[in-house]
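Single-structure report; data block below.
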Amino acid sequence: MKAVRDAVPIDAVVSEYLQLRNAGGGNLKGLCPFHDEKSPSFHVSPAKGLYHCFGCQEGGDTVDFVMKIDHLSFAETIERLAAQAGITLRYEEGGYTPGRQQGERTRLVEAHKVAAQFYAEQLDSPEAEIARRFLAERGFEQAAAQHFGIGYSPAGWDHLTRFLRGRGFTDKELIVSGLSQDSRSGKPIDRFRGRLMWPIRDIAGEVVGFGARKLRDDDNGPKYLNTPETPIYHKSQVLYGIDLAKKEIAKTNRAVVVEGYTDVMACHLAGVTTAIATSGTSFGEGHIKILRRLLMDNSGSEVVFTFDGDAAGQKAALRAFEDDQKFAAQTSIAITPGGMDPCDLRLAKGEQAVADLVESRTPLFEFALRQVVSRHNLDTAVGRAAALDEAAPIVANIKNSSIQHESAVQLAGMLGILDTQFVVKRVAQLARWARERGRDGGGAPQGRQQRRAPAAPEAEHARPAPGPRGPALNLRSPAHRVERELLKLALQRPDLVSPAFDAYGADEFTAPPYAVVRQCIEEAGGTTAGAADSDYVARVREAAPDDTVRALVTELVVEPLHTRREPDEAYAGVQLVAVRLAAVNQRVTEIRGTLQRLGPRADPDQLAAVQNELWILQQYGQSLRERGYAAL
């Protein structure tokens with residue numbers, strides 16, 4: 001399995017799910033996909049093939065990451081990574097039998113992959129003329145259909161079902177996948193029949209479901225029929241087009257949210273390649289998490305929602321505004337003219353009109369503000385006061401303080417209140433109360449939670465460490481900080497600390513968890529062997545007595561070193577000396593305590609031996625302070 005791990009770089013795998021940026025020292029960082037956070041604490045070490053989150057403490061190698069993020073078994077994960085790397089697996093005990101030995105998720109994904117190919121081929125059939133005409137009428141040529149993998153499901157009862165059976169899939173797998181459904185006769189039939197088919201891919205690019213558009217009047221089903229909830233398809237966690245848009249979203253720090261499959265196509269063909277859409281559900285929490293990870297959730301990023309200008313579109317926009325608090329990114333809205341969606345707009349006015357639509361966006365909070373104000377009679381004092389009561393909390397929730405002030409002035413103008421400062425002070429007061437309630441644990445008004453500044457990576461370990469890692473580490477202690485830094489060097493750059501490090505005993509590490517890690521390094525052959533061994537870190541992790549220590553090793557491998565420049569022998573020497581000197585000083589303190597306990601009536605030989613050890617240690621300590629690394 002090592003060949004599979006090594007063949008697929010961990011940064012390439014992780015980048016399929018979140019945006020990674022340089023963290024220094026050859027490491028990368030991004031927003032953790034396993035817990036909500038506002039600042040990136042998820043670190044990846046491409047050189048070591050490991051990741052670690054300093055917020056939730058999740059960590060491991062490429063296999064661990066894929067298993068956790070996609071909820072796969074170990075076997076399924078190895079199968080997926082092997083397929084990516086082009087590695088053929090050999091199965092023991094009777095050879096390879098896909099239907100029996102592959103995991104459920106792998107089988108369901110494979111079934112969807114085959115189904116997508118089947119549907120795409122059917123789009124060229126005579127029966128699919130109605131589907132091709134539908135696309136042509138909306139300005140989509142054959143090249144566009146191929147780019148998005150669009151297909152056609154035959155109108156018969158079981159064309160796909162029989163085809164997949166022929167490819168070795170069982171009836172149970174077809175039912176569970178949502179590609180087939182039970183019939184009155186008890187035999188499975190196709191779920192999608194006589195429809196235009198859009199394959200829905202997850203962020204890694206694998207087909208996990210379909211969206212099917214009705215084409216014929218005698219089809220009594222809904223206009224759009226989507227794959228039901230399955231083990232691999234959860235509509236609240238899927239964004240159509242995300243596989244095509246993710247790189248551009250990360251690059252431009254902008255995502256454009258549209259309402260339908262054809263809108264995504266129209267935007268991409270018009271050059272707006274950051275467009276994505278939900279699949280059969282409204283934009284919600286799961287979708288927000290996907291975008292936050294791609295945008296790194298910084299204030300310089302933006303999410304643009306496009307909605308029709310009708311009442312339904314305005315209602316959807318206000319629902320989107322309710323989620324604005326969950327983004328650090330700025331949220332904007334682009335209202336399509338004349339009730340046209342981006343697909344209609346492209347057809348009527350050309351691709352440039354679609355691009356211009358996105359550029360004409362306005363801040364979502366401004367749109368929400370105007371909607372609130374429009375509900376009140378501003379010709380009366382009572383109406384203006386009521387409008388202020390409802391609108392002021394919206395302005396108070398704006399993240400950027402300078403924009404908040406300008407918006408308060410703008411609100412005063414909207415309401416026709418001449419005393420601008422009154423409105424500004426009202427908004428500032430609401431914002432201050434929200435901050436105070438946030439600090440007191442009461443939460444901010446209107447649902448907007450205050451952001452907590454992220455702890456530095458080291459600070460996370462001030463919490464009590466479970467199990468064998470011992471008691472809480474007081475990382476204000478210089479000894480613990482330098483011990484941690486030295487262990488990081490020993491794991492990340494063993495060439496800089498060997499062979500001196502290998503002479504250090506576990507007892508020189510005063511923090512119990514660090515002493516255990518030191519022992520693991522020794523059992524793995526030490527830094528001298530590690531400097532020339534690409535499997536060194538893996539052997540250290542294997543030497544860990546339990547998962548807790550193994551997680552700490554991963555953490556130390558991934559955590560950046562505390563130096564702004566490239567670490568060198570001089571920097572490593574400082575850490576080596578600091579740890580050794582701390583150990584010497586601790587031993588000196590212990591011996592002085594021994595001398596005090598012995599007292600003046602102690603045995604002369606014993607007293608002389610203790611005094612001699614004290615003198616030797618004091619001289620050694622002095623030499624370390626004066627000569628540094630040369631005294632080791």
Side-chain angles (χ1 to χ4, degrees), residues 1-6 10 14 27 32 34 41-68 74 77-78 457-458 460-473 475 480-495 497-498 501-561 575 579:
M1 299 311 167
K2 179 181 180 299
V4 175
R5 285 189 176 95
D6 294 345
I10 190 169
V14 174
N27 288 352
C32 180
F34 303 127
S41 60
F42 184 90
H43 286 242
V44 175
S45 172
K48 307 298 184 184
L50 298 172
Y51 73 93
H52 182 81
C53 176
F54 293 97
C56 68
Q57 307 304 310
E58 287 291 343
D61 59 16
T62 309
V63 174
D64 297 321
F65 179 83
V66 175
M67 285 177 65
K68 183 167 181 64
F74 177 79
T77 302
I78 294 299
E458 309 94 295
E460 295 292 338
H461 303 285
R463 298 194 297 264
R469 290 176 65 173
L473 303 186
L475 288 175
H480 288 169
R481 283 202 298 272
V482 295
E483 287 173 18
R484 185 178 187 86
E485 192 73 357
L486 181 55
L487 287 173
K488 283 156 57 178
L489 280 166
L491 291 165
Q492 297 178 27
R493 292 295 306 274
D495 56 303
V497 296
S498 65
F501 180 89
D502 294 338
Y504 283 45
D507 59 349
E508 295 192 56
F509 292 83
T510 57
Y514 296 164
V516 177
V517 173
R518 170 64 190 93
Q519 186 63 35
C520 292
I521 292 174
E522 182 176 340
E523 292 177 15
T527 57
T528 303
D533 185 356
S534 60
D535 294 332
Y536 163 61
V537 170
R539 286 190 287 103
V540 175
R541 294 181 78 235
E542 288 172 3
D546 53 44
D547 289 342
T548 305
V549 176
R550 190 171 299 110
L552 178 57
V553 171
T554 303
E555 189 176 319
L556 294 170
V557 169
V558 173
E559 184 178 308
L561 294 164
Q575 314 310 316
V579 171

- Would you please classify the geometry between the H52 ring and the F54 ring as parallel, tilted or perpendicular, with 30° and 60° separating the classes?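 F54 and H52: perpendicular rings.
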- So, are R518 and E508 salt-bridged, with charged N and O less than 4.0 Å apart?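 E508 and R518: not salt-bridged.
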For residues [X] and [Y], determine if any side-chain heavy atom of one lies less than 4.5 Å from a side-chain heavy atom of the other.
X: C56; Y: S41; answer: no
X: L489; Y: F501; answer: no
X: L486; Y: F509; answer: yes

Would you check if the side chain of [X] reaches a backbone N or O of [Y] as a donor-acceptor pair within less than 3.5 Å?
X: D502; Y: T527; value: yes
X: K48; Y: V558; value: no
X: Q492; Y: L556; value: yes
X: E483; Y: T510; value: yes
X: D61; Y: R5; value: no

- Message: The criterion is salt bridge (charged side-chain N to carboxylate O under 4.0 Å, His left out); which residues satisfy it with D507, sequence neighbours excluded?
- Response: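 Checked D507 against salt bridge (charged side-chain N to carboxylate O under 4.0 Å, His left out); zero matches.
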- Item | Partner residues of E58 under the salt bridge (charged side-chain N to carboxylate O under 4.0 Å, His left out) criterion, sequence neighbours left out |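 E58: salt bridge (charged side-chain N to carboxylate O under 4.0 Å, His left out) contacts with K68.
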Return the [atom1] to [atom2] distance between [X] and [Y], rounded to the nearest 0.5 Å.
X: Y514; Y: R484; atom1: OH; atom2: CZ; value: 4.0 Å
X: D547; Y: R550; atom1: CG; atom2: CZ; value: 5.0 Å
X: T528; Y: D533; atom1: OG1; atom2: CG; value: 12.0 Å
X: E559; Y: K488; atom1: CD; atom2: NZ; value: 3.5 Å
X: L487; Y: Y504; atom1: CG; atom2: OH; value: 11.5 Å

Which heavy atom of [X] sits nearest a heavy atom of [Y], and at what distance?
X: A506; Y: Q519; result: CB-OE1, 4.2 Å
X: P560; Y: N27; result: N-ND2, 4.3 Å
X: V579; Y: V482; result: CG2-O, 3.7 Å
X: C520; Y: A544; result: SG-CA, 3.6 Å
X: A490; Y: I521; result: CB-CD1, 4.0 Å
X: I10; Y: S45; result: CG2-O, 3.9 Å

- Item | F65: ring pair (Phe, Tyr, Trp, His ring centres under 6.0 Å) partners, not counting sequence neighbours |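 Scan of F65 (ring pair (Phe, Tyr, Trp, His ring centres under 6.0 Å), adjacent residues dropped) gives Y17, F34, Y51.
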